[in-house]
2 protein chains.
Amino acid sequence: MTQVEKTAGMFMPVTIGRASEEIVLQVEAAVLDGRLAPGERLPSERDMQVQFGAGRGVIREAIKTLQQKGLLEVRKGAKGGAFVRSLDVAHVSESLALFLKLHPVNPEKLIEFRETMDRAITVLAIARGSAADKAALLAGAQRLEALLREPEPDLAATDELDRALNLRLARMAANPLFEWVMSALQMGFSSHDYALYADPVFREKAAANWSDTAQAIAAGEPARALSFIGHHYVLLRQCVESRSERPGSVEVPFLNEPSD
Amino acid sequence: MTQVEKTAGMFMPVTIGRASEEIVLQVEAAVLDGRLAPGERLPSERDMQVQFGAGRGVIREAIKTLQQKGLLEVRKGAKGGAFVRSLDVAHVSESLALFLKLHPVNPEKLIEFRETMDRAITVLAIARGSAADKAALLAGAQRLEALLREPEPDLAATDELDRALNLRLARMAANPLFEWVMSALQMGFSSHDYALYADPVFREKAAANWSDTAQAIAAGEPARALSFIGHHYVLLRQCVESRSERPGSVEVPFLNEPSD
DNA sequence: TGCAAGGTAATGGTCGTACCATTTGGGGCG
DNA sequence: CGCCCCAAATGGTACGACCATTACCTTGCA
């Protein structure tokens with residue numbers, strides 16, 4: 001390594017307390033104030049071992065922490081190493097999603113919250129979404145409807161498409177905070193919509209309603225769109241309530257284990 | 001360790017891919033489906049080394065990751081070890097704060113999101129909040145107004161009180177999701193509010209408006225309350241815009257470092 | 001000359017061992 | 001009976017070795 005490291009002198013040997021925490025703080029500070037930009041590469045573990053005056057295990061633990069924080073991305077092999085990463089909103093959503101998985105909420109509360117978000121997002125998306133976005137949303141909704149009208153719908157595929165559509169809609173709102181929350185909600189719980197599409201009674205109505213909603217959005221008709229959204233959540237509430245009336249598997253209602 | 005570990009047979013030796021990731025997944029799964037409850041202690045690193053059939057470094061890296069996720073808390077010394085922790089919303093806040101530091105979102109987006117939440121919360125709080133809650137909210141708002149009318153207001157105190165009022169309002173909505181999301185975003189908001197209360201021009205109006213809002217909520221008048229909330233955000237927008245017009249200290253606008 | 005195959009060096013991933021630092025708890029001594 | 005000190009448990013750190021993967025370069029063949 002004859003090439004001069006940019007990070008030469010950027011880091012101080014650690015002396016106090018938990019060494020790895022100290023390293024995390026130093027690197028994090030360097031990223032936050034721009035001394036390290038996204039895409040830049042940190043020295044190799046063995047070089048940092050020298051710069052920080054610490055053992056390699058400590059360096060690796062610090063990198064692991066920073067990786068988990070979403071600040072670093074690690075590639076192996078020659079020209080590999082730890083690279084500064086531009087933290088994306090999905091990472092923050094994961095954090096919230098994990099929290100939500102550990103704190104089960106009443107389905108009604110979840111529906112209430114989602115409906116609130118959905119209404120706000122829809123209005124914003126109509127105002128800000130591009131024509132291409134709206135066309136794509138409509139096409140997706142119609143594809144979802146087609147999938148759901150098949151005699152034996154692929155629920156995994158429809159669930160996935162439903163998620164993608166919701167996420168696209170949130171993105172059209174052009175406000176990362178809405179995107180963050182919706183994305184977290186999707187990661188945190190998902191089986192409501194899944195259940196909605198699982199029931200053949202609700203499936204068709206919900207599918208048609210999605211298309212209607214997308215059409216209203218594409219046409220720039222917020223009032224119509226909000227009506228359809230209201231309809232969607234009426235269906236969802238009916239579906240959830242009808243399931244909770246039936247005994248059996250009521251105890252663990254809406255948290256699906258990501259079984260792998 | 002003659003005592004039988006509860007975790008005996010709970011974990012499988014790792015064989016595939018990145019070993020530490022595999023361990024993280026196994027422990028996370030155990031926590032998520034309740035096999036490991038908050039407060040419980042995992043085996044010692046040396047024991048897990050045997051259970052997972054991996055080196056100690058790998059175990060430690062997995063623990064570090066889980067610690068960073070907020071799922072574990074590590075204590076050293078005898079009777080120490082890794083303990084399952086009940087993930088709190090503050091952890092999500094940290095994650096979001098880091099994101100906001102790296103991707104400063106337009107203050108307008110922040111305000112937009114918050115206004116949406118606030119309107120929904122207000123309507124719910126009026127419908128569901130107890131009389132005692134409403135009285136306490138009103139009393140707090142009036143105390144805030146009194147504090148802000150002093151010639152030299154204690155901005156730290158008013159900021160704290162404002163925070164408490166917002167949190168109380170969110171709690172009155174009786175939907176934990178609103179409360180969590182508002183909590184997670186508190187620190188993104190706080191410097192805006194700080195600016196609002198720091199400016200003597202806006203201070204008085206905002207203070208009076210808080211009281212008006214609380215009064216409308218206490219009186220069960222949603223339309224009035226929403227009008228006042230609209231007024232609040234008009235003020236906030238004016239304040240932010242007037243600050244962004246003035247050069248100087250615009251670079252570091254709204255995130256205050258939680259220095260500890 | 002061009003391209004493909006194999007070698008080589010850089011680098012993260014894993015393992016093992018040894019030792020240090022901290023905390024708990026109990027046993028011995030006053 | 002109470003205080004102090006030592007021993008055990010356990011996380012924290014260091015060092016060294018080797019493996020696996022990857023990018024790059026050299027060599028040799030067409």
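Lettering of chains follows the sequences in order, A, B, ..., and the numbering in each one begins at 1. Because only heavy atoms are used, hydrogens play no part in the values below, and waters and symmetry mates are left out as well, while side chains stay in.
A straight line from CD of A/Glu45 to C1' of D/dT21 spans 14 Å, rounded to a whole angstrom. In this structure, B/Arg41 places its CZ atom 11 Å from C1' of D/dG11, rounding to the nearest Å.
Under the salt bridge (charged side-chain N to carboxylate O under 4.0 Å, His left out) criterion, A/Arg75 pairs with A/Glu73, not counting sequence neighbours. For A/Ala120, the side chain to side chain contact (heavy atoms under 4.5 Å, CB included) test picks out A/Phe178, B/Thr116, with sequence neighbours left out. Evaluation of the side-chain hydrogen bond (donor to acceptor under 3.5 Å, both in side chains) rule for A/Ser183 yields A/Ser93 as partners, not counting sequence neighbours. Under the side-chain hydrogen bond (donor to acceptor under 3.5 Å, both in side chains) criterion, B/Glu179 pairs with B/Arg171, not counting sequence neighbours. A/Thr158 pairs by the side chain to side chain contact (heavy atoms under 4.5 Å, CB included) definition with A/Leu144, A/Leu147, A/Leu148, A/Leu155, A/Tyr197, not counting sequence neighbours. Applying the side chain to side chain contact (heavy atoms under 4.5 Å, CB included) criterion to B/Arg143, with sequence neighbours excluded, gives B/Leu161. A search for salt bridge (charged side-chain N to carboxylate O under 4.0 Å, His left out) contacts involving A/Asp154 returns nothing, not counting sequence neighbours. Listed by chain and residue number, B/Ser130, B/Arg168, B/Met172 satisfy the side chain to side chain contact (heavy atoms under 4.5 Å, CB included) test with B/Asp133 (two or more places apart in sequence, or in another chain). With sequence neighbours excluded, the residues that form a salt bridge (charged side-chain N to carboxylate O under 4.0 Å, His left out) with B/Arg114 are B/Asp193.
Stem analysis of DNA chain C (at least three stacked-register Watson-Crick or G-U pairs, each with both distances under 3.5 Å) gives C:1-30 with D:1-30.
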Per-nucleotide protein contact string for nucleotides 19-26 of chain C, where B marks a base within reach and S marks sugar-phosphate only (heavy atoms under 4.0 Å, - for neither): B--BBS--
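Listed by residue number, A/Val74 are the residues of residues 62-74 of chain A with a heavy-atom contact under 4.0 Å to DNA chain C.
Within 4.0 Å (heavy atoms only), B/Gly81 reaches sugar-phosphate atoms of the nucleic acid but no base atom.
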